[in-house]
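Just below is one structure, and these are the notes that go with it.
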Protein chains: 2
Amino acid sequence: MLKEERFQIILDQLGHEQKVYLGHLSTLLNVSEDTVRRDIKELADQGLLKSVRGGAVPHAPGPHHFRDRMTYDNEQKQIIAKKALQFLKDGQVVIFDGGTSALLIAQMLPKDLKLTVITNSFPIASILEEHEHVDVLFAGGRLLKDSFVTIGNDAIQFFKKFRADICLLGICSIHTNLGVTGPDFEEGEVKRTMIECSKEVIALATTEKLGTAEAYYVCPTERLSTIITDKQADIEEFDIYRGLGISMV
Amino acid sequence: MLKEERFQIILDQLGHEQKVYLGHLSTLLNVSEDTVRRDIKELADQGLLKSVRGGAVPHAPGPHHFRDRMTYDNEQKQIIAKKALQFLKDGQVVIFDGGTSALLIAQMLPKDLKLTVITNSFPIASILEEHEHVDVLFAGGRLLKDSFVTIGNDAIQFFKKFRADICLLGICSIHTNLGVTGPDFEEGEVKRTMIECSKEVIALATTEKLGTAEAYYVCPTERLSTIITDKQADIEEFDIYRGLGISMV
DNA sequence: GCCATATATGCAATATTTTGCAATATTAAA
DNA sequence: TTTAATATTGCAAAATATTGCATATATGGC
């Protein structure tokens, strides 16, 4: 019997049952448990199932939650978040984008700051709920399952009702000619509206995002008032943005 | 039996009940209480449930501590939630009120049910994010700090865009003459709109709320299609509601 | 065909993990 | 406080994994 046949049988079993046992497969396939174990390991490496002690279970492509992604890569973003805090002053109306960068800012926000925050991000709203002096206006709309933000026309119309002092724009790609771009159409639409409704736009960008572009256009680079990066701001490389009237921080 | 099977069974239990006991699981799974305890600890580390003395309770995988505020030991509400589930069918558009009763229903919702849910409750939206086949439409508006719902004109206008099959109305006071009433003006306004936009209104009410009234008027009693209580439904006392064409469950 | 090489398989010795038990500590309730 | 229930810890037995190795089987070049 070919190894591939065994693979197929193992996967078939997992299609019906929620588990397979080494012993069972060993007799079913007429090979030693060692071999079954090796097969399972190989399939697990391909991500087709999950190897567990004594057998295997289907690989659940579990909904990766916001919390999980939070911990990832936060060195740079923390630096950015700290820098961003100094831009926020009592009494301002601030639009928070839905990304992790803006979320970090919300987490680090001093408890005594008085703000009106407009956002479409559940995690951000949930954190700010604890800030006594922060009024939260939440944009309704269709809930985007894996990023915990609302999108769609309803969300857009909601933002259009306001005129914010500052928009904290989560990390997008920024290119001097191609402008600000993002990877998702619908989220891009929302971001564009956020920008339209704000006097000042502060973009949060790790340095590797500078000079790159993605599929969906958000706004021209000149529309940004400030770009906050994780690097020292006096790099020569940044002069091209300063030439556009953008302050680099 | 694989460890993963036990995990699955424990989590399944928590999908139906709001708590599991060590002793119960120990006999159910044919392992010692120590092992169950270790399993629960492991699942708790993964954030899939919350370990408590003597057993475990569900833990929302949502971004934040919504679930912590839940009262787990509310027998009455659990009975109501179970009864309510049978009213929900594939394909329906359902408005979920922001109270804990509706939240319990959301928690116990079968994962394969296909629904469109409209709500103004963060905890509910956060739980339903897990349900692949549930579309969530979230009502924007001002965030009411301690009950995690949005209120205000924006929320009201949002609901008005829809025509739902069912409205699950959290616990209010119900009085045959004085109608349905609640303790908060703004939340009452929202509830009234939810009702206006729904064909069928199912009120969730513990029996002590029947025959009482509070400060703010929501709707006439006759507007309710069904009242779900925690008691047997054939009580004579309920006849007065049946007389109004309301089915008691 | 035939050899050299790579790969797959089973076996045995050795690690590692899981599990239940008992002793001890901690917690909740009377 | 005392008492009963539940948790924690250390430990040993059982189950399962890993590793190294010998054998078998396939693969490709000649």
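In what follows, every chain begins at residue 1, and chains take the letters A, B, ... in the order their sequences are listed.
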Any side-chain donor-acceptor pair under 3.5 Å between [X] and [Y]?
X: A:Lys77; Y: A:Thr206; result: no
X: B:Asp97; Y: B:Ser121; result: no
X: B:Ser51; Y: B:Lys41; result: no
X: B:Asp165; Y: B:Gln92; result: no
X: A:Ser26; Y: A:Glu33; result: no

Quiz item: How would nucleotides 25-30 of chain C be written as a contact map, 5' to 3', with B for base contact, S for sugar-phosphate-only contact and - for no contact, using protein heavy atoms under 4.0 Å?
Solution: --BS--
Quiz prompt | Residues in side-chain hydrogen bond (donor to acceptor under 3.5 Å, both in side chains) contact with B:Arg242, at least two apart in sequence or another chain | solution =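 By the side-chain hydrogen bond (donor to acceptor under 3.5 Å, both in side chains) rule, B:Arg242 matches B:Asp239.
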Quiz item: So does B:Glu5 pair up with A:Lys19, basic N to acidic O under 4.0 Å?
Solution: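 Yes, charged N to carboxylate O under 4.0 Å.
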Quiz prompt | Option from A:Val20, A:Leu29, A:Leu14 for which side chain to side chain contact (heavy atoms under 4.5 Å, CB included) with A:Ile9 holds | solution =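 It is A:Leu29; the other options fail the test.
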Could you state the atom-to-atom distance from [atom1] of [X] to [atom2] of [N] in whole Å?
X: B:Leu25; N: D:dT6; atom1: CG; atom2: P; result: 13 Å
X: A:His24; N: D:dT16; atom1: NE2; atom2: C1'; result: 19 Å
X: A:Glu33; N: C:dG10; atom1: CD; atom2: C1'; result: 12 Å

Exercise. Return the residues of residues 1-10 of chain B meeting this criterion: a heavy atom under 4.0 Å from some atom of DNA chain C. Order them by number, or give none.
Key: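 The stretch gives B:Lys3, B:Arg6 as the residues lying under 4.0 Å from the strand, ordered by number.
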Practice problem: Before giving the answer on side chain to side chain contact (heavy atoms under 4.5 Å, CB included), spell out for A:His24 and A:Gln13 the whole-Å C-alpha distance, their side-chain angles and the decisive distance to 0.1 Å. | Solution: CA-CA 11 Å; A:His24 177 218; A:Gln13 290 277 320; 3.6 Å; yes
Quiz item: Is a side-chain donor or acceptor of B:Thr221 paired with a backbone partner of B:His175 at a separation under 3.5 angstrom?
Solution: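 The answer is yes, because a donor-acceptor pair under 3.5 Å joins these two groups.
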Quiz item: Is the backbone of B:His133 close enough, under 3.5 Å, to the side chain of B:His131 for a donor and an acceptor to pair up by distance?
Solution: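 A pair under 3.5 Å: no.
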Would you tabulate the nitrogen or oxygen pairs shorter than 3.5 Å linking the protein to nucleotides 8-13 of chain D?
none

Quiz item: Using a cut-off of 4.0 Å on non-hydrogen atoms, how would the nucleic acid contact of B:Val52 be classed: base, sugar-phosphate, or nothing?
Solution: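 B:Val52: backbone/sugar contact only, no base atoms under 4.0 Å.
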Quiz item: How far does the helix from C:dG1-D:dC30 to C:dA30-D:dT1 bend, going by the axes of its first and last five pairs, to the nearest 10°?
Solution: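 Terminal axis comparison yields 50°.
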Exercise. For A:Phe96, check ring pair (Phe, Tyr, Trp, His ring centres under 6.0 Å) against everything at least two apart and list the hits.
Key: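 Checked A:Phe96 against ring pair (Phe, Tyr, Trp, His ring centres under 6.0 Å); zero matches.
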Quiz item: Would you say A:Thr35 reaches C:dG10's phosphate, i.e. side-chain N/O to OP1/OP2 under 4.0 Å?
Solution: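 Result: yes.
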Quiz item: So, for B:Ser198 and B:Cys167, which heavy atoms are closest and what is the spacing to 0.1 Å?
Solution: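 Nearest heavy atoms, B:Ser198 then B:Cys167: OG-CB, 3.1 Å.
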